[in-house]
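Please read the structure below before turning to the comments.
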Amino acid sequence: RKAPNMGWLTFTFGLERKFKQLCKRLDVVRTHQQQESLKFMAHFHRRFIIKDGKRNPKPESGRQPVELFELRSNGSALCTRLVQVKADAVQLNSAFCYILNVPLEGANDSSSAIVYAWIGSKSDADCARLIEQIAEEKFNNPWVSLQVLTEGSEPDNFFWVALGGRKPYDTDADYLNYTRLFRCSNEKGYFTVSEKCT
């Protein structure tokens with residue numbers, strides 16, 4: 001989502017030819033985030049993780065940052081993705097599930113951490129099972145303590161401290177029940193927005 005064009009240009013003018021020499025039936029398609037095709041998403045089996053930032057970030061002050069991931073789905077189960085959001089308590093919503101990765105003090109990339117799978121009180125049972133599976137498969141290792149939490153059972157010491165303290169957050173997602181479709185256009189020389197299917 002924040003990737004510059006240089007990566008795509010480097011691939012197009014350099015690596016693409018090398019890959020096509022190795023693999024004769026190679027189709028290269030540029031895809032932007034949140035516009036992935038169903039064929040592309042099917043390869044990930046509902047475990048597509050989108051991390052924020054750059055490929056090899058240097059941690060500030062020598063510490064790995066706290067990471068918060070939200071489980072999102074765009075219309076169908078196949079389009080489920082785990083998207084990194086700002087690690088702040090206001091990002092939580094009772095209708096969704098989250099993974100909070102809290103590196104322990106002095107931890108480096110391969111060291112210990114506490115990983116919480118947070119299940120909102122109004123979240124879907126299928127999403128709750130999926131967030132537990134993703135946390136187990138992608139975040140768990142011998143140096144990690146994995147804990148599954150339901151909303152309201154969060155420990156104060158690590159969970160809320162990692163999110164910057166306990167803050168009010170949304171407790172429902174009724175807005176999802178009222179989906180609206182808009183058409184954005186610049187065909188007349190100026191930007192217009194009109195609602196479709198009113």
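- Going from atom CZ of Arg46 over to atom SG of Cys127 covers 6.5 Å, rounded to the nearest 0.5 Å.
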One pair to check against side chain to side chain contact (heavy atoms under 4.5 Å, CB included): Val144 and Ile114. What are the steps and the verdict? CA-CA 6 Å; Val144 168; Ile114 298 176; over 6 Å; no

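- In this structure the side chain of Ile50 never reaches within 4.5 angstrom of the side chain of Leu82, judged on heavy atoms.
- Aromatic pair Phe139/Phe69: ring centres closer than 6.0 Å.
- By the 4.5 Å heavy-atom criterion applied to side chains, Arg183 and Val193 are not counted as neighbours.
- Here the closest non-hydrogen pair linking Pro103 and Ala113 is CA-CB, 3.7 Å.
- Partner of Ile119 under the side chain to side chain contact (heavy atoms under 4.5 Å, CB included) criterion, out of Glu132, Arg129, Glu151: Glu132 alone.
- Side chain of Lys86 to main chain of Gln91: no donor-acceptor pair is present (N/O by atom type, distance under 3.5 Å, no hydrogens or angles).
- Atoms CG and CG, from Leu100 and Leu149 in turn, are 9.0 Å apart once rounded to the nearest 0.5 Å.
- Contact annotation: the side chain of Phe158 approaches that of Leu104 to within less than 4.5 Å [non-hydrogen atoms, C-beta and beyond].
- One finds a salt bridge joining Asp156 and Arg166 here, because a Lys/Arg side-chain nitrogen approaches an Asp/Glu carboxylate oxygen to under 4.0 Å.
- Under the 4.5 Å side-chain criterion, counting only non-hydrogen atoms from C-beta, Ile99 is in contact with Val115.
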Taking it one step at a time, do Leu130 and Thr80 satisfy side chain to side chain contact (heavy atoms under 4.5 Å, CB included)? CA-CA 10 Å; Leu130 183 60; Thr80 303; 3.7 Å; yes

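- Using modelled atom types and a 3.5 Å distance limit, the side chains of Asn101 and Glu67 yield a donor-acceptor pair.
- Note that the CG atom of Asp172 and the CG atom of Asn93 stand 7.0 Å from one another [nearest 0.5 Å].
- Taking the six-membered ring for Trp and the full ring otherwise, the centers of Phe40 and Phe48 sit less than 6.0 Å from each other.
- Contact of the Ile131 side chain with the Tyr98 side chain is not registered, since no non-hydrogen atoms from C-beta on lie closer than 4.5 Å.
- Inter-residue side-chain proximity for Cys184 and Phe191 is flagged as met; some heavy-atom pair is nearer than 4.5 Å.
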After noting the C-alpha distance and the side-chain angles of Leu163 and Leu92, does the key distance pass the side chain to side chain contact (heavy atoms under 4.5 Å, CB included) rule? CA-CA 10 Å; Leu163 291 175; Leu92 298 175; 4.1 Å; yes

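- Val161 and Leu68 end up in different hydrophobic clusters when Ile, Leu, Val, Met, Phe, Trp and Tyr side chains are linked at under 4.5 Å.
- Note that the CZ atom of Arg81 and the CZ atom of Arg47 stand 15.5 Å from one another [nearest 0.5 Å].
- Note that CZ of Phe96 is 9.0 Å distant from CG of Asp170, once rounded to the nearest 0.5 Å.
- In this structure, the separation between CG on Leu146 and CG on Asn140 is 5.0 Å, given to the nearest 0.5 Å.
- Aromatic ring pairs are classed by plane angle as parallel below 30°, tilted from 30° to 60° and perpendicular above 60°; the pair Trp160 and Tyr169 is parallel.
- Of all the heavy atoms in Ala117 and Ala135, the pair that sits closest is CB-CB, 4.2 Å.
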